[in-house]
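In what follows, every heavy atom counts, from backbone to side chain, and hydrogens, waters and symmetry copies are set aside. Counting from 1, the numbers follow the sequence of the chain as shown.
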Amino acid sequence: MGLPERLRKEWFILGIVLVIAVARLEPAVGVKGGPLKPEITITYIAVSAIFFNSGLSLKTEELTSALMHVKLHLFVQIFTLVFFPTAIWLFLQLLSITPINEWLLKGLQTVGCMPPPVSSAVILTKAVGGNEGIVITPLLLLLFLGSSSSVPFTSIFSQLFMTVVVPLIIGQIVRRYIKDWLERKKPPFGAISSCMLLMIIYTTFCDTFANPNIDLDKFSLIIIVFIIFSVQLSFMFLTFLFSTRNNSGFTPADTVAIIFCSTHKSLTLGIPMLKIMFAGYEHLSLISVPLLIYHPAQILLGSLLVSTIKSWMVSRQKALKLTRQPKAPVKV
């Protein structure tokens, strides 16, 4: 793959870098109360647009089929929303005595509390799906971060419901009436949501750079990047071990679904959720940094490992097929 093709494929990651750089140059444009009015255009319109778009794009029949994989679904949700945040919390107890920026560490905890992306389930594996994170993630953040959020939980839930759940449901309803048109035209749903997400990231960092008291040391940032890659690799290996045990009952294809879905975290839901939960919080962008790093890291690791995992799955499926074939009768 040439450089131009690679750049086109990874335009969203480049876009994250670009919008942060633009926010650094002229933060006054995207701050609260600024020309863009992010308290309205971002908090409500952009977030709602993302999930209305998701509702339009998600094939109901695929999600229904995904929910039939009960055992697989439960494994992914328990690993992602119970084991993952608890393990990160225990790890952060050790890191709390280090000089690493405390807000980046809080950001690591928010990564641990995020749900897996629906796109990972439908696009990567078509085996898992769900929106439990809309309710569970805020509860986990309040549990592990205490009263760091300046917004009451009832307000958080009501805003999440109105800007995430309602647009998603409306999108699914609208899809029923224009399904044939959507199948024919194939609108760029992913690009639309990504552009909305870039706007949210841009305004988040405008608020940060407009605050002269915010400072991020390079040492902390480098350590956080190293930790994120280490955590992802470790958890991918751990899920592989769990799902390939003799008595696990999972097929090789299930294992692939588990490896990706259990370790991936939703940026699409995560950034809007942090924006709502930590509204007006001066350290919001620092808390967001680990999630912004985690997203390209999971794409990079997935790209590097997909051929190896695919080869393992194919060889494993062939081996299982051979063991199940009836043995030829022995001629006397």
About how many Å separate [atom2] of [Y] and [atom1] of [X], when rounded to the nearest 0.5 Å?
{"X": "Cys113", "Y": "Leu291", "atom1": "SG", "atom2": "CG", "value": "11.5 Å"}
{"X": "Arg245", "Y": "Thr255", "atom1": "CZ", "atom2": "OG1", "value": "11.0 Å"}
{"X": "Ser54", "Y": "Arg175", "atom1": "OG", "atom2": "CZ", "value": "12.0 Å"}
{"X": "His295", "Y": "Leu197", "atom1": "NE2", "atom2": "CG", "value": "8.0 Å"}
{"X": "Phe205", "Y": "Leu284", "atom1": "CZ", "atom2": "CG", "value": "8.5 Å"}
{"X": "Leu305", "Y": "Phe237", "atom1": "CG", "atom2": "CZ", "value": "12.5 Å"}

Are the side chains of [X] and [Y] in touch, meaning some heavy atoms are under 4.5 Å apart?
{"X": "Phe52", "Y": "Ser193", "result": "no"}
{"X": "Phe226", "Y": "Ile222", "result": "no"}
{"X": "Leu36", "Y": "Ile42", "result": "no"}
{"X": "Leu95", "Y": "Ile227", "result": "yes"}
{"X": "Ile200", "Y": "Pro272", "result": "yes"}
{"X": "Val76", "Y": "Thr239", "result": "no"}
{"X": "Thr244", "Y": "Trp312", "result": "yes"}
{"X": "Phe242", "Y": "Ser248", "result": "no"}

Would you say Asn247 has more than 12 foreign heavy atoms packed within less than 6.0 Å of its CG? yes

Is [Y] reachable from [X] through a run of I, L, V, M, F, W or Y residues, each pair having side-chain heavy atoms under 4.5 Å apart?
{"X": "Met196", "Y": "Leu18", "result": "yes"}
{"X": "Leu168", "Y": "Ile192", "result": "no"}
{"X": "Ile271", "Y": "Ile299", "result": "no"}
{"X": "Leu72", "Y": "Phe240", "result": "yes"}
{"X": "Ile20", "Y": "Ile13", "result": "no"}

Using side-chain contact (heavy atoms from CB on, under 4.5 Å), reason through Ile178 and Leu56 one step at a time and then give a plain yes or no. CA-CA 9 Å; Ile178 60 171; Leu56 277 179; 4.1 Å; yes

For a quick test of reading the model, state the closest non-hydrogen atom pair linking [X] to [Y] and the distance between them.
{"X": "Leu108", "Y": "Pro290", "result": "N-CG, 3.7 Å"}
{"X": "Thr80", "Y": "Pro85", "result": "O-CD, 3.2 Å"}
{"X": "Ile97", "Y": "Leu94", "result": "CG1-O, 3.0 Å"}
{"X": "Cys195", "Y": "Trp11", "result": "SG-CH2, 4.1 Å"}
{"X": "Phe260", "Y": "Gly302", "result": "CE2-CA, 3.9 Å"}
{"X": "Thr43", "Y": "Thr163", "result": "O-CG2, 3.9 Å"}

Output yes when a side-chain donor or acceptor of [X] lies under 3.5 Å from a complementary backbone atom of [Y], and no otherwise.
{"X": "Asp254", "Y": "Thr251", "result": "yes"}
{"X": "Ser220", "Y": "Asn101", "result": "yes"}
{"X": "Thr110", "Y": "Gly107", "result": "yes"}

Run the ring-centre check on Tyr294 versus His264 and record whether the distance is less than 6.0 Å. no

Establish, yes or no, whether a centroid distance under 6.0 Å links the rings of Phe250 and Phe75. yes

Ile88 and Val231: side-chain contact (heavy atoms from CB on, under 4.5 Å), yes or no, with the steps? CA-CA 9 Å; Ile88 292 294; Val231 165; 4.1 Å; yes

Compute both the distance and the angle, then confirm whether Lys265 meets the cation-pi test with Phe84: under 6.0 Å from the six-membered ring centre, within 45 degrees of the axis. yes

Go through the steps to decide whether Ile259 and Phe235 satisfy the test side-chain contact (heavy atoms from CB on, under 4.5 Å), and finish with yes or no. CA-CA 8 Å; Ile259 290 172; Phe235 283 3; over 6 Å; no

Please determine whether side-chain contact (heavy atoms from CB on, under 4.5 Å) holds for the pair Val29 and Glu26, giving the CA-CA distance in whole Å, both sets of side-chain angles, and the decisive distance to 0.1 Å. CA-CA 6 Å; Val29 175; Glu26 195 56 55; 3.6 Å; yes

Check Lys275 with Glu39, please: is the shortest side-chain N to carboxylate O separation under 4.0 Å? no

